Amino acid sequence: MYSFLKGIIVGNSPTSVVMDCNGIGYELQTSLHTSSQIKVDKHQPCLLHTYLQVREDSHTLFGFLSKFEKEIFKLLITVSGISGSTARNILSSLTPNDVHQAIINQDLHTIKSCKGIGLKTAQRLCIELKDKMMRLSSTDKSSISTVGNQKDEVIRALEVLGYSKRISEQIVVQIIAKESQDYDISSLLKKALNQLQAR
């Protein structure tokens with residue numbers, strides 16, 4: 001029903017955003033991967049690709065910064081036992097590309113690392129989705145555009161989650177300085193969260 005929405009983000013939490021589209025406020029459920037890269041800015045419109053999940057007792061609108069993440073989400077919820085919220089949890093624990101590769105490579109360990117996913121569900125995901133994941137167009141895997149500096153976006157996301165800005169900045173700077181590999185925002189955020197939770 002809705003392919004995408006374009007408007008001003010007026011509210012942002014780790015699991016949802018509120019978008020003002022010409023005076024109508026839409027609440028969209030998001031993964032941590034998407035919400036961590038969205039900035040509340042009344043001067044900068046944002047476009048989110050959307051999926052409307054209709055159930056007997058609810059209508060839930062999900063939002064994604066990339067078409068690729070949306071396509072991954074749509075495949076995940078075709079598997080028995082994977083609800084919209086479970087698919088969102090998977091895409092909050094792993095990047096869309098990590099989910100794509102883990103299922104193609106039948107990497108059960110990586111898939112099981114997601115909250116709420118046990119061995120049997122991980123096996124079912126691999127069996128049912130491997131071929132479909134392989135058919136996803138490479139053009140759908142375009143990088144998600146980010147707003148502002150990568151480090152600042154991660155620190156802001158950690159603040160939203162309730163962590164101190166000063167401590168978050170120390171952790172993020174240490175990760176970037178100590179390791180030479182390049183991180184996307186979601187991977188950097190996940191690594192920072194692991195360190196903060198271990199303190």
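Keep in mind that the numbers below use all heavy atoms, side chains included, and drop hydrogens, waters and symmetry copies. Computed from a predicted structure; not experimentally measured.
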At what distance, to the nearest 0.5 angstrom, does CD1 of I103 lie from SG of C126?
-> 6.0 Å

K130: salt bridge (Lys or Arg N to Asp or Glu O under 4.0 Å) partners, not counting sequence neighbours | none

To the nearest 0.5 Å, what is the distance between CG (N97) and NE2 (H33)?
-> 9.0 Å

Over all heavy atoms of both residues, which pair between H49 and L65 is shortest? Give the atoms and the distance, please.
-> CD2-O, 3.6 Å

Shortest non-hydrogen pair, S36 vs A157, comes out as CB-CB, 3.8 Å

Under a single-linkage definition using a 4.5 Å side-chain heavy-atom cutoff for Ile, Leu, Val, Met, Phe, Trp and Tyr, are L47 and Y26 assigned to the same hydrophobic cluster?
-> no

Taking all heavy atoms of I72 and all of L136, pick out the closest pair and write down the distance.
-> CD1-CD1, 3.6 Å

Do the side chain of Q106 and the main chain of A102 share a donor and acceptor less than 3.5 angstrom apart?
-> no

What ring-ring contact (aromatic ring centres under 6.0 Å, His included) pairs are there with at least one residue in residues 70-93, not counting sequence neighbours?
-> Y51-F73, F62-F73, F64-F73

Is any side-chain heavy atom of V18 less than 4.5 Å from a side-chain heavy atom of N12?
-> no

Value for CD1 (I111) from CD1 (I117), rounded to nearest 0.5 Å, stands at 8.5 Å

Would you say S31's side chain and S92's backbone share a donor-acceptor pair under 3.5 angstrom?
-> no

Backbone N/O of L94 and side chain of D98: donor-acceptor pair under 3.5 Å = no

Indicate yes or no: at least one non-hydrogen side-chain atom of L75 is less than 4.5 angstrom from one of M133.
-> yes

Rounded to the nearest 0.5 Å, what's the gap from CD1 on I9 to CE on M19? Could you check?
-> 4.0 Å

For Q101, does its backbone N or O pair with a side-chain atom of D107 as donor and acceptor, under 3.5 Å?
-> no

Got a donor-acceptor contact below 3.5 angstrom from the R124 side chain to the V79 backbone?
-> no

Shortest non-hydrogen contact from S16 to Q29?
-> CB-NE2, 4.0 Å

For the side chain of K190 and the backbone of S93, is there at least one donor-acceptor N/O pair under 3.5 Å apart?
-> yes

Answer yes or no: is there a donor N or O on one side and an acceptor on the other, between the side chain of S58 and the main chain of R55, under 3.5 Å?
-> no

At their closest point, which heavy atom of T86 faces which heavy atom of G81, and how far apart are they?
-> OG1-O, 4.5 Å

Closest approach of A87 and I77, non-hydrogen atoms and distance?
-> CB-CG2, 3.7 Å

Please write out which residues are connected to L108 in a hydrophobic cluster, directly or through intermediates, given that two of Ile, Leu, Val, Met, Phe, Trp, Tyr count as joined at side-chain heavy-atom separations below 4.5 angstrom.
-> L119

